[in-house]
Amino acid sequence: MTKTILRALAGETLPSPPIWMMRQAGRYLPEYRETRAEAGDFLSLCYNPKLATEVTLQPIRRYGFDAAILFADILLLPQALGLDLWFVTGEGPRLSTVTTEEDFSKLRRVTDIHDTLGPVYQTVANLSRDLPEETTLIGFAGAPWTVATYMIAGRGTPDQGPAHGLKAENRALFEGLIDRLTEGTIEYLSRQVEAGAEVVKLFDSWAGSLNGADFEAFAVRPARIITEELKRRHPGLPVIAFPRGAGESYEGLHAAIGADCIALDDGVSPEWAAAHVQVSGCVQGNLASSHMVTGGDQLVSETRRVVEAFRGGPHIFNLGHGITPDAGPENVQLMIDTVRATA
Ligand SMILES: Cc1c2[nH]c(c1CCC(=O)O)Cc1[nH]c(c(CCC(=O)O)c1C)Cc1[nH]c(c(CCC(=O)O)c1C)Cc1[nH]c(c(C)c1CCC(=O)O)C2
């Protein structure tokens, strides 16, 4: 029998939605913290196939999620393109920046990323061998705009100001960077698929700060190019696009991107999204991740509300964003039990 996630992605409405969770391998789990301590730091964990495989499997063993997502990070691609990358504990990522033509000219060609990323492909291959047969393996990459915001600022920013600045001041350089990332993302995801990823997901965490023509040019268009080329190389490959914060612009994105599934953040109500987005295809989401911290009756009622709202069409249950380190592992179990009891 075909895996439930693949059935939903193919447009099937199931008795209860299959479920997985963004950042399901993460610091809220004691077993993750233990393996991460063994690896030393976060990047050493990402580039250690044995340990990255182990942390990817931990939430599958504990909860039996219907999908596993490769353990890696969206910032490994800029590192493979030649930037320095490190993580400051308690603060987040730091990178060397691309803000001038000279910086850009030093970036590696997209065909030269695989030496750095080899361990990631090995993790995918391990997972494809070790996962239970009913569990779908999801590969991923950051979308060009979101990755560019980190490469231009050298860190996370509240409003993506430096990237908007470069877009205004040196459009040609900014577009060159988006194009390089678009090509690099195709090569990176294509190798993940060859190693055994069954689905790929594009994380555009900062799509919400692009408006109007910019949203079309730098969120929709790169996602469409990546999706089309991956599907050309790997016929039948399902693609999930996650333009977080798109708001009303979520409407029409299945067709505009050519994606099989649009992932929703919790800034849109499930009732609105059922009427305006799910009408054109599978959706994924969108319980607020804060419920994984607070738990209780509200978690149960809001989980049921999301399931009910999307009951009439293809749906993959997920949070609206990644689970946070302060979440309670018991709340995750309560969410899963509540979703599965709706069948
Ligand atoms: C913007 C972004 C990044 N990484 C990612 C995004 C897009 C999604 C989003 O908006 O959250 C995507 C990502 N990051 C990680 C995954 C693995 C798969 C998953 O479990 O979903 C995925 C899909 C692991 C991670 N990536 C990171 C962790 C925490 C690392 C640790 O163990 O200390 C994990 C499990 C670190 C990371 N990585 C990044 C930041 C800003 C941070 C620091 C913030 C934090 O510490 O939570 C960049």
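In this chain, residues are counted from 1 in sequence order. In listed order, ligands and their atoms are each counted from 1.
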Enumerated ligand 1 atoms positioned under 4.0 Å from heavy atoms of Leu70: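 Ligand 1 atoms under the 4.0 Å threshold to Leu70: 17 (C), 18 (C).
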Close-contact set for ligand 1 against Phe87 heavy atoms, below 4.0 Å: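 Listed by number with element: 36 (C), 37 (C), 38 (N), 42 (C).
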Criterion side chain to side chain contact (heavy atoms under 4.5 Å, CB included) against Thr136, the qualifying member of Thr2, Ile5, Ile69: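 It is Ile5, the one option of Thr2, Ile5, Ile69 that forms the side chain to side chain contact (heavy atoms under 4.5 Å, CB included) with Thr136.
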Non-hydrogen atom of Trp206 closer than 4.0 Å to ligand 1: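 Under 4.0 Å: no for Trp206.
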Thr56 to ligand 1, any heavy atom closer than 4.0 Å: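 No; Thr56 lies far enough from ligand 1 that no heavy-atom distance drops under 4.0 Å.
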Regarding [X] and [Y], does a basic nitrogen lie under 4.0 Å from an acidic carboxylate oxygen?
X      : Y      : answer
Asp260 : Lys231 : yes
Arg109 : Glu183 : no
Arg340 : Asp66  : yes

Heavy atoms only: which of [options] is nearest to [atom]?
atom                    : options                    : value
atom 40 (C) of ligand 1 : Ala37, Ala68, Pro93, Gly92 : Pro93
atom 19 (C) of ligand 1 : Arg33, Met21, Arg23        : Arg23
atom 46 (O) of ligand 1 : Arg27, His321, Lys201      : Arg27
atom 4 (N) of ligand 1  : Leu43, Asp73, Leu319       : Asp73
atom 24 (C) of ligand 1 : Gly26, Gly322, Ala72       : Ala72

Within 45° cone and under 6.0 Å: Arg180 NZ/CZ vs Phe104 ring: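 Yes, a cation-pi geometry.
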Six-ring centre of Phe242, Lys201 cation under 6.0 angstrom, axis tolerance 45°: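 Pair Lys201/Phe242 counts as cation-pi.
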Heteroatom distance test (Tyr150, ligand 1): nitrogen or oxygen, under 3.5 angstrom: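 By distance alone, the answer is no.
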Which residue and atom name correspond to the protein heavy atom nearest [atom], and how close is it?
atom                    : result
atom 10 (O) of ligand 1 : Ser205 OG, 2.5 Å
atom 33 (O) of ligand 1 : Arg36 NH2, 2.8 Å
atom 12 (C) of ligand 1 : Ile74 CG2, 3.6 Å
atom 22 (C) of ligand 1 : Phe140 CZ, 3.6 Å
atom 34 (C) of ligand 1 : Phe42 CE1, 3.5 Å

Protein non-hydrogen atom found under 4.0 Å from atom 44 (C) of ligand 1: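 Flag for atom 44 (C) of ligand 1 set to false, no protein heavy atom closer than 4.0 Å.
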Joint cluster assignment, Trp20 & Leu9, ILVMFWY side-chain distance < 4.5 Å: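 Trp20 clusters together with Leu9.
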Shared hydrophobic cluster for Val307 and Val277 (ILVMFWY, side-chain gaps under 4.5 Å):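 They do share one cluster, since a chain of ILVMFWY contacts under 4.5 Å joins Val307 to Val277.
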Pair Phe317 + Phe65: ring centers closer than 6.0 Å: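 That pair fails the under 6.0 Å test.
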Within 6.0 angstrom of Glu175 CD, more than 12 heavy atoms from elsewhere: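 Buried by this count: over 12 neighbours within 6.0 Å.
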